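One structure is given below, encoded as structure tokens.
Each ligand, and each atom within it, is numbered from 1 in the order the structure gives. Everything quoted here is computed from the prediction, not taken from an experiment.
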Amino acid sequence: MANRGKVTKAIFPVAGLGTRFLPATKSIPKEILTLVDRPLIQYAIDEARAAGIREFIFVTARGKSALEDYFDHAPGLESSLRRAGKDEMLETLRKTNMESGAIAYIRQHRALGLGHAVWCARNLIGDAPFAVMLPDDVIASQKPCLQQMIESHAETGGNMVAVMEVAKSQTSSYGIVDVKEDMGALVSVRGMVEKPETSAAPSNLAVIGRYILNPSIMRHLGRMKPGAVGEIQLTDAIATEITEADNVYGYRFSGKRYDCGTKAGYLQATVAFALARPDLADEFGDFLSTIVAAKDAAQ
Ligand code: UTP
């Protein structure tokens, strides 16, 4: 049944081990790594707020306390900046403040997979659809990706996953959708496969880290057994929803997505975001041109 309730809650699963960024992630949560001067998690929070999210549910784990501290107000720091007349920095800091009670932290005791992490938040989700956002995926766009999806979801109801075209050779790194009907930005989905080999991929439309899900997904997750790579997969629960309710859509968002869970993606995002900053663009752009020219000359 279409569930068109307003989306005001978002789950941020941040309990993964972040092994691809070891040794940094031995003591720093991956989500605190910065793009220029803002942690990855701040980009996700800003996107969620712009889309109308009011309740932020973090699924965390041991070793992630820096993330919780990041969202605390810092009155000492604020008064130092005020005394020093650093109003601009004070304003930057204030923009990161979250309203008391807007954030909830849930623990995932073992890293049993993204699906399991989402399921850990089941008691905080009522009977309205909710968003899931993976902060690893940073999306540069005019209109925030989640806002695009929520607007489309207001028309369709059901479940919605953000999708983008990938090279066929890349399908084994993503959940891939099997398209029933292609309606342009929106596709209706008849199936989903987690990390298929190229030959088994039903399309080249890959699911990335933005979802709007019905609460029934939690029921499916509660019954899931570990799937691909021994983890409880969110994709498998969404596939069950397709079988039971046939109400899953893919949404081709507009914007550029950076996979900041990989070193290459993280570095690309760092360069792109630095070049987009008026205070850094000239100096950093000149530097990049110089080193690229030097590299070309050396070859
Ligand atoms: P990833 O697949 O990127 O795993 O998880 P990871 O642990 O963060 O990083 P690597 O692969 O070891 O480098 C995708 C998202 O799902 C969350 C992660 O925190 C990330 O936001 N996740 C994953 C959990 O919350 N719990 C899990 O058990 C697994």
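Minimum heavy-atom separation, Ala15 to Ala111: O-CB, 4.4 Å.
One side chain, His116 or Gln108, offers a donor N or O that lies under 3.5 Å from an acceptor on the other.
Summarising the geometry, atom OG belonging to Ser141 is positioned 9.0 Å from atom CD belonging to Gln147; distances are rounded to the nearest 0.5 Å.
Ring pair Phe273/Tyr258 is perpendicular by interplanar angle, where above 60° counts as perpendicular and below 30° as parallel.
Listed by chain and residue number, the protein contacts of ligand 1 are Pro13, Val14, Ala15, Gly16, Leu17, Gly18, Thr19, Arg20, Lys30, Glu31, Gln108, Ala111, Leu112, Gly113, Leu114, Ala117, Asp136 (heavy atom within 4.0 angstrom).
Ion pair Arg94/Asp87 not flagged as a salt bridge, since none of the NZ, NE, NH1 or NH2 atoms sits closer than 4.0 Å to an Asp/Glu carboxylate oxygen.
Centroid-to-centroid, the aromatic rings of Phe71 and Phe56 stay 6.0 Å apart or farther.
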